[in-house]
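Nothing fancy with the numbering, it's 1 onward along the sequence.
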Amino acid sequence: VQLQASGGGLLQAGGSLRLSCAASVRSFSGYAMGWFRQAPGKEREFVAAISRSGGITFYAESVKGRFTISRDNAENTVYLQMNSLKPEDTAVYYCAARPVGWLSESYYSGISEYNYWGQGTLVTVSS
C-alpha cells in the first residue's frame, strides 16, 4: 500500500485548505483511514479518522468543527478539508491506512493502530 499526500501550502490564519491522500491499493474501501500531524519539535498527533465506508468520522477536539474528513472510494482518495486555520495548525500532515474487515465500521485514533503511512505534506499558517 502506498499513500501519497498532497495539497499542503502556506496561507494566512482564517484561510482554508484541502489535503488529499491518494492510495495505491486494490481495495481501498477495505481500509480505515486517518490524518495525523506533527508540528516542529512536537510528537505526531491524531487529527481525524474515517471508517472504510465513510459513514463514521472522528476528530480531535482541537480541530472539531473546523476540519472535515471524507473519502471517495471510487477514486481511492481520502480528503481533509481544513477551514478557519490557525497558526497552531502548522505541521506536516500525514495520512494513514489500516485494513479492516468488510463489515467493519471501526475508526482509529492511535498512531500504532495504522499499518501504512504517507510521506506527509506541509501546512504553514501565518498569523
Side-chain angles (χ1 to χ4, degrees):
V1 176
Q2 292 187 328
L3 303 174
Q4 182 72 41
S6 62
L10 171 65
L11 71 165
Q12 291 187 330
S16 297
L17 204 60
R18 189 177 81 157
L19 305 183
S20 299
C21 174
S24 298
V25 64
R26 288 186 64 182
S27 301
F28 180 66
S29 59
Y31 290 79
M33 301 295 295
W35 285 98
F36 291 76
R37 66 186 181 186
Q38 188 166 14
K42 295 187 177 181
E43 295 186 350
R44 192 171 300 190
E45 64 176 6
F46 168 76
V47 175
I50 190 166
S51 64
R52 66 168 192 83
S53 72
I56 298 176
T57 57
F58 181 66
Y59 298 92
E61 284 298 322
S62 59
V63 306
K64 195 175 293 184
R66 299 188 298 123
F67 291 12
T68 302
I69 187 172
S70 62
R71 64 190 296 163
D72 184 339
N73 286 345
E75 296 295 327
N76 284 16
T77 302
V78 62
Y79 303 99
L80 186 68
Q81 177 67 44
M82 305 185 294
N83 298 328
S84 302
L85 281 160
K86 305 174 182 180
E88 51 263 45
D89 293 318
T90 294
V92 176
Y93 283 72
Y94 299 89
C95 58
R98 173 189 168 123
V100 296
W102 287 107
L103 297 179
S104 171
E105 282 300 300
S106 298
Y107 57 88
Y108 304 91
S109 60
I111 292 173
S112 62
E113 295 181 295
Y114 286 89
N115 304 80
Y116 306 99
W117 292 83
Q119 87 291 355
T121 185
L122 177 62
V123 174
T124 304
V125 184
S126 63
S127 58

Under a 4.5 Å cut-off applied to non-hydrogen side-chain atoms, are [X] and [Y] in contact?
X	Y	result
Met82	Val47	no
Tyr59	Arg66	no
Trp117	Arg44	yes
Val78	Ile50	yes
Tyr79	Asp72	yes

- Message: For Phe58, run the ring pair (Phe, Tyr, Trp, His ring centres under 6.0 Å) check against Trp35, Tyr107, Tyr108 and tell me which one passes.
- Response: Tyr107

Identify all side-chain donor-acceptor contacts of residues 2-26 below 3.5 Å with residues at least two apart in sequence or on another chain.
| from | atom 1 | to | atom 2 | distance (Å) |
| --- | --- | --- | --- | --- |
| Ser16 | OG | Asn83 | OD1 | 2.9 |

- Task: Kindly determine whether Ile111 and Glu43 satisfy side chain to side chain contact (heavy atoms under 4.5 Å, CB included), including the steps that lead there.
- Result: CA-CA 11 Å; Ile111 292 173; Glu43 295 186 350; over 6 Å; no

- Message: Quick check on Lys42: does its NZ atom have over 12 non-hydrogen neighbours (other residues, nucleotides or ligands) under 6.0 Å away?
- Response: no

Calculate, to the nearest 0.5 Å, the distance between atoms [atom1] and [atom2] belonging to [X] and [Y] respectively.
X	Y	atom1	atom2	value
Phe28	Arg52	CZ	CZ	12.0 Å
Ser127	Glu88	OG	CD	10.0 Å
Cys95	Ile69	SG	CD1	9.5 Å
Leu103	Ser53	CG	OG	11.0 Å

- When hydrophobic residues are tied together by side-chain contacts of less than 4.5 Å, even through go-betweens, does Ile56 share a cluster with Phe46? yes

- Message: Donor-acceptor check, side chain of Thr90 to backbone of Val125, threshold 3.5 angstrom: yes or no?
- Response: yes

- Trp102 and Ser27 have their tightest heavy-atom pair at CH2-CB, 3.8 Å

- Is it the case that Arg71 places NZ or CZ above or below the six-membered ring of Tyr31, under 6.0 angstrom from the centre and within 45 degrees of the axis? no

- Under 30°, 30 to 60°, or over 60°: which ring-plane class applies to Phe67 and Tyr93, parallel, tilted or perpendicular? tilted

- Between Ser51 and Glu105, is any side-chain donor less than 3.5 angstrom from a side-chain acceptor? yes

- Query: In terms of side-chain heavy atoms, does Arg98 have a donor or acceptor partner in Tyr114 at a distance below 3.5 Å?
  - Reply: no

- Message: Please evaluate residues Leu80 and Arg37 with respect to the criterion side chain to side chain contact (heavy atoms under 4.5 Å, CB included), reporting the C-alpha separation (whole Å), side-chain torsions for both, the decisive distance (0.1 Å), and the verdict.
- Response: CA-CA 12 Å; Leu80 186 68; Arg37 66 186 181 186; over 6 Å; no

